[in-house]
Amino acid sequence: RSEDRDITDQLYGGNLDTRIRQEILLGIGGCRMLEALGIHPTVYHMNEGHSAFLALELIRNYMEKLSLGYAEAKELASASMVFTTHTPVTAGHDYFPPDLMDRYFSEFIPKLGIDRKRFLALGRRNADDPAESFCMTALALRMASFSNGVSRLHGQISRQMWHDLWPGVPEDEIPITHITNGVHFQSWISQEMEQLYERYLGPSWREQPAEQSVWRRVESIAAEELWHTHERRRERLVAFTRRRLRAQLQRRGASQAEIESIEDALDPDALTIGFARRFATYKRATLLIRDKARLASILNDAKRPVQIIFAGKAHPLDDAGKALIQQIITLARDPQLRRRMVFIEDYDASIARYLLQGVDVWLNTPLRPNEASGTSGMKALANGAINLSILDGWWDEAYRDCRTDERQVGWAIGQGESYADRDYQDHIEAEALYDILERDIIPIFFDRRADGLPRRWISLMMSSIANLCPQFN
Ligand SMILES: *Cc1c(COP(=O)(O)O)cnc(C)c1O
C-alpha cells in the first residue's frame, strides 16, 4: 500500500507517529525480511537505538519457533544482540509516549506473554512511573549482551547517563564499554597522499593500517616532497572554493563586480583552517568568530596570512543551527574579512574531501562532552592536516601534551574543563583558541628556512600521522 511506502520516504522531519512506524519497519520489518530471505544472523548489531524493536521480534520469534517461555527466549535473543550508542545528547535518543506504544503494540504484547506494565518497563528507567516514555536506547541497553560507546570519553559518559538502568551497580561497572571509531583512509585521502604512502610505506598502509611500524616510515618521506604534495592540495582547495563561491553568488543573482571580486578571495599560500560539519549548536561553529577584532587581526597579518573555510548544513528543524550559519555568512561579507573567511554552501562528502585534503589545520570546537567521537579529524589527520580541537570525543584520547610527551600530534583547546556558565565557557575557550593560533600555530607554520620549507611544521605533520594513523583507522 502506498501509505506503507510513505513510511520511509523522508528520513527527518516526520512526527513521532511517523518515527515509531519507521522504527517498527526497521527493527521488526528488517528482522522479518532477513527471515524471509533465509538469512539467519549469528549476531545482530543495533547501530544506535533506532533498530531496537528488533529485540522484541527476536524474542517473539524464538517463543513461537522453539516453544520457549518469555524469559528463556529473551536470554537467547540477548546472546545474539550487540549495541552501539552514538550520542551523549539527550535529544538524540528516541522516546515514545505510552499511548503511542499502545497504538502500535497492543496486539504484539500478548504474543510475548507479559503484561503491558512489564513490557513498557523494558524502555523505562522507572518501571513504576506510568507516565514515563519508552526509550529505545534503554531497550537496546537492557537487551544487548554487549554495549559500547564510540570513544573512551563517550563510554564513560554513557555509563554515567544510563547507570540507573542498573540500580545498585557502581558506575564503573555499568556494562557499557567503548570502541573508538576509526576511518577508512583510502576513502578519504587525496590521490597525491595515497601515491606518497604507496611509495614510502608500501601496500601495508592499506593492508595493515593498525601496524605502528608501517606508519613510522612516514618519517622517511622527504620533507620537501611531503610539503609540496600538501601545497598542491591546498591550491586545489582554493581553486575549488572560488568556483563554489562564484556559483553561489550567481545563484543569488549577484552583480558581475561582486562575482569578479571572488578572484581575490583566499590565498593559496595562506595558513588554511577548515571547519566543516553539521551545524548542531553544541559544535559551536561560531566560537572562532566570537571576537571579531581579534579574528581580523589574526587573518589580516600581511606577512603571515591566515584564512578560514567554513562549510556545513543545519538539520531542517534546527533553527538555532541555521542562525549560526547566518552569523558566519554575515561576517564573511564584512569588507575587513571577506578575503580571508568564506562559507561553502551545501556541504557534502565531496566538499568534505576537498577541505580535509587541502587544509593545514582542522578545527573542532564542540562543547565537551557532546561530541561522541567525531571522525572528520581522523580523515584530516591521514591527509597531513593538524588537529586543533577541544578535548572531546576521539581527541580526548588521541591528544598528547607536548610538555610531557615528545610525540607531538596537534593542539588541544583547554584541558577538558566544564564551567556552569555556558557563556563564560565559550569566552574562555575562544580566548584559548586565539592564544594557540597566535602563540603556537602561526609562528610554527611561518617559520621558513632559506629553502622556504616550514621544517617544524613538516615534522609535526609526520609525527601526527605516524603516531595517530595506526590507532584511528
Ligand atoms: C566525516 C563526515 C562527517 C562527520 O564529521 P564529524 O567529525 O562527526 O563532525 C559529517 N559529514 C561529512 C560529509 C563527513 O565526511
Side-chain angles (χ1 to χ4, degrees), residues 11-12 47-48 84-89 91-92 149-155 157-158 178-190 193 233 237 240-241 244 273-288 308-316 318 320-322 324-325 328 343-359 361-399 409-413 433 464 468-469 471-473:
L11 182 54
Y12 297 120
N47 203 14
E48 198 54 295
T84 301
T85 176
H86 285 264
T87 174
V89 183
V150 292
S151 68
R152 184 179 64 192
L153 179 62
H154 180 233
I157 296 296
S158 300
H178 73 274
I179 299 175
T180 303
N181 279 340
V183 296
H184 181 247
F185 293 141
Q186 271 178 283
S187 301
W188 295 102
I189 62 171
S190 65
M193 278 308 273
R233 289 307 316 191
L237 168 62
F240 167 80
T241 306
R244 296 289 302 216
I273 303 170
F275 182 100
R277 44 190 35 90
R278 284 180 301 116
F279 272 53
T281 45
Y282 80 81
K283 295 204 184 232
R284 296 192 296 185
T286 52
L287 199 72
L288 179 65
I308 165 123
I309 305 179
F310 287 97
K313 267 185 195 156
H315 184 287
D318 182 7
K322 292 178 205 171
L324 297 180
I325 295 183
I328 289 172
F343 180 85
I344 310 180
E345 296 167 5
D346 283 329
Y347 179 54
D348 62 11
S350 146
I351 296 176
R353 279 198 184 81
Y354 272 103
L355 273 156
L356 295 159
Q357 296 171 359
V359 298
V361 172
W362 191 251
L363 175 67
N364 195 16
T365 49
L367 182 65
R368 180 180 151 121
N370 289 295
E371 179 96 307
S373 166
T375 52
S376 57
M378 305 173 192
K379 303 168 190 169
L381 151 74
N383 279 294
I386 312 294
N387 280 278
L388 163 60
S389 170
I390 299 284
L391 288 175
D392 198 8
W394 79 291
W395 196 239
D396 183 65
E397 69 198 72
Y399 174 68
V409 295
W411 296 277
I413 305 161
L433 173 52
S464 148
L468 299 182
C469 279
Q471 199 178 341
F472 298 96
N473 62 74

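A quick note: this is a predicted structure, and the numbers were derived from the prediction, not measured. These values consider heavy atoms only, across backbone and side chains, with no hydrogens, waters or symmetry-generated copies. Counting starts at 1 for both ligands and their atoms, following the listed order.
- Among protein heavy atoms, the minimum distance from atom 4 (C) of ligand 1 is reached at Thr375 OG1, 3.8 Å.
- The protein heavy-atom contact nearest to atom 11 (N) of ligand 1 is Tyr347 CE2, 3.7 Å.
- Looking at atom 1 (C) of ligand 1, its nearest protein heavy atom turns out to be Lys379 NZ, 1.4 Å.
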Under the side chain to side chain contact (heavy atoms under 4.5 Å, CB included) rule, what do Trp395 and Leu468 come out as? Steps first, then yes or no, please. CA-CA 10 Å; Trp395 196 239; Leu468 299 182; 3.8 Å; yes
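- Look at Arg368 and Asp396 and you find a salt bridge, because one of the NZ, NE, NH1 or NH2 atoms lies within 4.0 Å of a carboxylate O, short of that distance.
- For the residues Lys313, Arg278, Lys283, the heavy atom positioned nearest atom 9 (O) of ligand 1 is part of Lys283.
- Using a 4.5 Å cut-off on side-chain heavy atoms (C-beta onward), Arg244 and Ile351 make contact.
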Could you go step by step and tell me if Arg277 and Asn364 meet the side chain to side chain contact (heavy atoms under 4.5 Å, CB included) rule? CA-CA 9 Å; Arg277 44 190 35 90; Asn364 195 16; 3.3 Å; yes
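- Looking at ligand 1, you'll find an N or O of Ser376 within less than 3.5 Å of one of its N or O atoms.
- Close approach of ligand 1 to Trp188 is summarised as follows: ligand atoms under 4.0 Å from at least one heavy atom of the residue are 15 (O).
- Looking at heavy atoms from C-beta onward, Arg233 lies in side-chain contact with Tyr354 at the 4.5 angstrom threshold.
- A 4.5 Å side-chain heavy-atom check between Lys283 and Glu371 finds at least one atom pair inside the cut-off.
- Applying the 4.0 Å criterion to heavy atoms of Gly374 picks out, from ligand 1, the atoms 7 (O), 8 (O).
- Near Arg277, with a cut-off below 4.0 Å to any heavy atom, the atoms of ligand 1 are 9 (O).
- Only the backbone of Asp348 comes within 4.0 Å of ligand 1, counting heavy atoms alone; no side-chain atom from C-beta on gets that close.
- Counted by atom type alone, His86 and Asn47 present one or more donor-acceptor pairs between their side chains at under 3.5 Å.
- Near Ala349, meaning under 4.0 Å from any of its heavy atoms, are these atoms of ligand 1: 13 (C).
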